[in-house]
Amino acid sequence: MWRLGAACLLLLVLCSQTKADYQIGVGISDATGPASGVIFMGYAKLTQRGYGLHLRQWSRAFIIDDGTNRIVFVSVDTGMVGYGIKEAVIENLSASYGDIYNVQNVIISGTHTHSTPGGFMEHLLFDITILGHVKQTFEGLVEGITQSIINAHESMVTGKIYINRGELLDANINRSPASYLNRGELLDANINRSPASYLLNPEAEREQYEHDVDKEMVQLKFVNSDDEIIGAINWFPVHPVSMNNTNGYITSDNVGYASILLEKELNDGAFPGQGSVVTAFASTNLGDVSPNIAGPICTNTGLACDVTTSTCEGEAQFCIASGPGEDMFESTKIIAERMYSKALELLNDNAAVEVTGAVSAINQFVDMPEQSATYTLGNGTTITGAGCNAAMGYSFAAGTTDGPGEFGFTQGTTSNDFFWDIVRDLLAPPTEEDIECQLPKPILLATGQMVEPYDWHPRVVSTQLALIGNVAIAAVPGEFSTMAGRRLKNVIKSAMGSSDATVIIAGLSNHYTHYITTYEEYQLQRYEGASTIYGPHTLGIYLQQYGKLTQALVSGTTLDPGPAPYVFDRDKLFSLVFPVILDHPDLDKKYGSVLSQPPSSVSAGSVVTATFVAGHPRNSLMHGSTFLRVERKVDDEWVLVANDAVWETKYTWGRTFIAASEGTIEWTVPDDVVSGTYRIRHFGAAKSLLGRVASYQGISREFEVRNNRIDEDGAGRENVPMFAVIVFSVFLTLSQRLQY
Ligand SMILES: *[C@@H]1O[C@H](CO)[C@@H](O)[C@H](O)[C@H]1NC(C)=O
Ligand SMILES: *[C@@H]1O[C@H](CO)[C@@H](O)[C@H](O)[C@H]1NC(C)=O
Ligand SMILES: *[C@@H]1O[C@H](CO)[C@@H](O)[C@H](O)[C@H]1NC(C)=O
């Protein structure tokens, strides 16, 4: 022992380096939900029902162990996670690993994509917009998350961690909320969608920050002992709502596609989910942050919306934000590419700082309405306030400029409506105390009183914090607004007592409780304030609570676990989402028969489609598999060119008659395609009247693909400044519709 000590004294540098080594594991697994027939989670729009697949849902897991303690961080392509998901994952893991993975050290964070199937949340308010609980979505997520952690566990190697940061900025940084219409060159990836609320934070506080959203991407990079990158987690605040509420394709949206792009780059072009390097773009303080950076305009008049209420002539449904692309697919791609480019730049940047020091984690459950907190407002004034029974305000039903609601509600509403109050009271009337506590929020749904047949909203929520050296990851149960997130980071950082500490907000983790705005933002009662469910002091309570968690970890003390969260009987959850009863093809057809063949010859840039007789996609989640393969003939072998997880393909499903259905496969032939003979294959499963599910497949005819661009000039098409073309055409289109 003394020898080691002596050696350490002599070789201080070497020893401190050894100390920085962690055991690190990364893993990815398929968590895709039922690919048709289930309503999506996010926009709360009953007509947004899935009809196919564009991008699969992936769960990405990262395990970090310092030799004493271990933490797991999971980012999963889903709207959010409920505590039932975390419970089931831990229970599944315990079969193989005992209590290595537990409530304290596992963080599960949803990316917040609004285009994946719902029904996995248990609390009734969240599942009711899906028409009830969907066991298949729940199990698909649990299985995918569990498997990603198992994959990470099995890949553990000795390695190091680096932290880096950089801003993803607009060239036109002076763009103020009021001048969204003056688009100029939109080069960034996020804007504030409730600038009027943000402006209620005191000026002195706002002046400490250059923008009304955080523009910084924070990155943890994981390398093995040969300094090769094995994974990365990137946190950049933006809602994954580039795909709007008319979309019915499952997709991981902008952040999910950014992950796919970065993983493809680092895995030598491997198909999604199949490379060893895993990179997540995880959610953070994205509460008031939109990717639709061309900003909101009135789709009926072409004029600017009212800034405070986001309405057009009094109506919310016409005030819609979009851009920067011509359509939602292009917008998704552009935002993803910007995040991917920034992350790649940070990965290759030597300014990254090595993270050293111990790993620790803590979780405490908190009964929110029972809390009171003394905390500091934006102007430095200290106040004391208490939590309220959960309630949604009127403006919740107004939706946002990323997806307005449909019943004539508007944002910024602070008064009640006689008719809706009657409807509300039929469900559950709020108490006088609830009404008083939530002011100035007019209560539309007194969810804290809605406990039949079981809880509609969480009351006891998870608060969790992890430390890796002087990096803190605060796993929060909802969507913090930009300024709410900044205040939380400041509180945690000061409790850490280290000026070079970094605090990361891991959004939508473990529990979901909608939004958390500042006390000042809450007063305006826009969508985010109306959805801050425990009342005006919700943030104050979290500031106090995460300060307490930080002190506990820093001082090495333990906290009591807190009250147990509500327990659901998973077999008794309300559901009107019925299983597939039967598939049956038209009498003269078989599953997999081709109904429409691809053209005999196509060229790069065109879209090839083939339609097959299909079974209902809900018969199988097809995890680790695919609904389609695009293949090229190479020496009499068929080589995989594209599957259902890549950007270039889409699988669309629909019923054609009572039990008959068809599946259409679409492949956008990429610009760098290799000329040759191709075919499209479809895979699926169908259910017989006796309930037996059998898989089938179909094959299209062969077709020729010509790539004149590559064939003719050898080097392929020059990299035209595509981006400039897009920006210019968006600008042209929009400027035609606008009046200044
Ligand atoms: C984990 O639990 C879910 C249901 O809670 C189940 O469907 C799944 O097969 C289990 N096993 C694994 C390895 O995920
Ligand atoms: C959604 O995006 C499409 C373009 O991809 C557009 O035509 C449609 O109007 C948008 N709808 C909403 C409600 O934003
Ligand atoms: C600080 O802000 C709060 C909330 O906006 C306000 O009520 C209070 O008067 C302010 N205090 C000072 C000293 O300006």
Side-chain angles (χ1 to χ4, degrees), residues 27 29-31 33 43 45 47-48 54 59 61 82 84-97 101 114-115 120 122 133 135-151 153 197 199-205 241-249 251 253 290-292 294 296-300 316-334 375-383 385 399-406 440 483 517-524 536-537 539-540 568 570-571 573 621 623-624 730 733 737:
S29 193
D30 195 341
Y43 291 112
K45 190 172 174 179
T47 52
Q48 196 198 6
H54 183 213
S59 174
I85 300 262
K86 176 164 168 176
E87 251 179 338
V89 167
I90 287 170
E91 190 182 316
N92 271 0
L93 290 168
S94 69
S96 313
Y97 306 117
Y101 301 109
H114 282 42
S115 288
F120 54 89
E122 303 182 313
H133 191 71
K135 201 170 175 198
Q136 198 179 18
T137 318
F138 181 90
E139 290 185 348
L141 283 168
V142 172
E143 191 216 301
I145 295 167
T146 306
Q147 192 58 48
S148 69
I149 296 174
I150 293 172
N151 293 346
H153 182 99
S197 305
L199 286 173
L200 292 184
N201 296 307
E203 193 175 353
E205 181 183 36
V241 292
S242 288
M243 296 299 287
N244 69 34
N245 64 15
T246 63
N247 169 51
Y249 291 107
T251 168
D253 209 293
S290 167
N292 296 315
I297 56 165
C298 293
T299 53
N300 54 344
Q317 57 175 312
F318 299 112
C319 175
I320 295 177
S322 64
E326 293 269 17
D327 64 27
M328 56 182 164
F329 289 96
E330 195 183 47
S331 296
T332 305
K333 192 160 180 272
I334 294 170
Y375 66 102
T376 311
L377 293 171
N379 60 12
T381 302
T382 297
I383 61 167
T400 69
T401 51
D402 293 327
E406 286 162 332
M483 195 61 97
T517 65
T518 65
Y519 175 86
E520 295 87 336
E521 291 163 349
Y522 184 89
Q523 306 306 317
L524 189 59
H537 303 292
L539 173 64
F568 292 88
R570 250 174 242 146
D571 296 323
L573 297 174
L621 296 177
H623 280 189
V730 171
T733 325
R737 283 198 274 151

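Owing to the predicted nature of the structure, the values given are computational and were not obtained by experimental measurement. Read the numbers this way: they start at 1 and go in the same order the structure lists the ligands and their atoms.
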Taking only heavy atoms of T246 into account, list the atoms of ligand 2 that are under 4.0 Å away from them. 1 (C), 11 (N)
Under the 4.0 Å line, does any protein heavy atom show up next to atom 14 (O) of ligand 3? yes
If you measure from each non-hydrogen atom of D327 to ligand 2, which part falls under 4.0 Å: side chain, backbone, both or neither? both
Out of Y522, Y375, Y519, which one pairs with H537 under the side chain to side chain donor-acceptor pair (under 3.5 Å) rule? Y375
Can any side-chain N or O of Q48 pair as donor or acceptor with the backbone N or O of Y43 at less than 3.5 Å? no
Contacts of type side chain to side chain contact (heavy atoms under 4.5 Å, CB included), residue S29, not counting sequence neighbours: Q147, S148, N151
In ligand 2, which numbered atoms sit nearer than 4.0 Å to a non-hydrogen atom of I320? 13 (C), 14 (O)
Parallel, tilted or perpendicular: ring planes of F138 versus H133, cut at 30 and 60 degrees: tilted
Side chain S331, main chain M328, donor-acceptor under 3.5 Å: no
For N379, atoms of ligand 3 separated by under 4.0 Å from a heavy atom: 1 (C), 2 (O), 3 (C), 8 (C), 10 (C), 11 (N), 12 (C), 14 (O)
Atoms in ligand 2 flagged as close to N245, the criterion being non-hydrogen separation under 4.0 Å: 13 (C)
re atom 5 (O) of ligand 3, the protein heavy-atom contact at minimum distance is E520 CG, 4.0 Å
E143 heavy atoms, cut-off 4.0 Å: which ligand 1 atoms fall inside? 14 (O)
Has T381 got a side-chain atom pairing as donor or acceptor with L377's backbone, closer than 3.5 angstrom? no
Could you list which atoms of ligand 1 come closer than 4.0 Å to a heavy atom of E139? 4 (C), 7 (O)
Look at atom 2 (O) of ligand 2 and say whether a protein heavy atom is found at less than 4.0 angstrom from it. yes
Could you list the atoms of ligand 3 found under 4.0 angstrom from a heavy atom of T381? 1 (C), 10 (C), 11 (N), 12 (C), 13 (C)
Consider every N or O of M328 and every N or O of ligand 2, then say whether any pair is closer than 3.5 Å. yes
Among all protein heavy atoms, pick out the one at the shortest distance from atom 11 (N) of ligand 2; state its residue, atom name and that distance to 0.1 Å. N244 ND2, 3.0 Å
Quick one about S115 and D253 (side-chain donor to acceptor, distance below 3.5 Å, no hydrogens or angles considered), yes or no? no
Does N201 offer a backbone N or O that forms a donor-acceptor pair with the side chain of E205 under 3.5 Å? no
To the nearest 0.5 angstrom, please state how far the CG atom of N92 sits from the CD1 atom of I145. 10.5 Å
Nearest-option assignment for atom 10 (C) of ligand 1, heavy atoms, candidates L93, N92, I145, T146: N92
Indicate yes or no for a side-chain donor-acceptor contact from H623 to the backbone of D30 under 3.5 Å, with no hydrogens or angles considered. yes
Atoms of ligand 1 less than 4.0 Å from V142 heavy atoms? 1 (C), 2 (O), 3 (C)
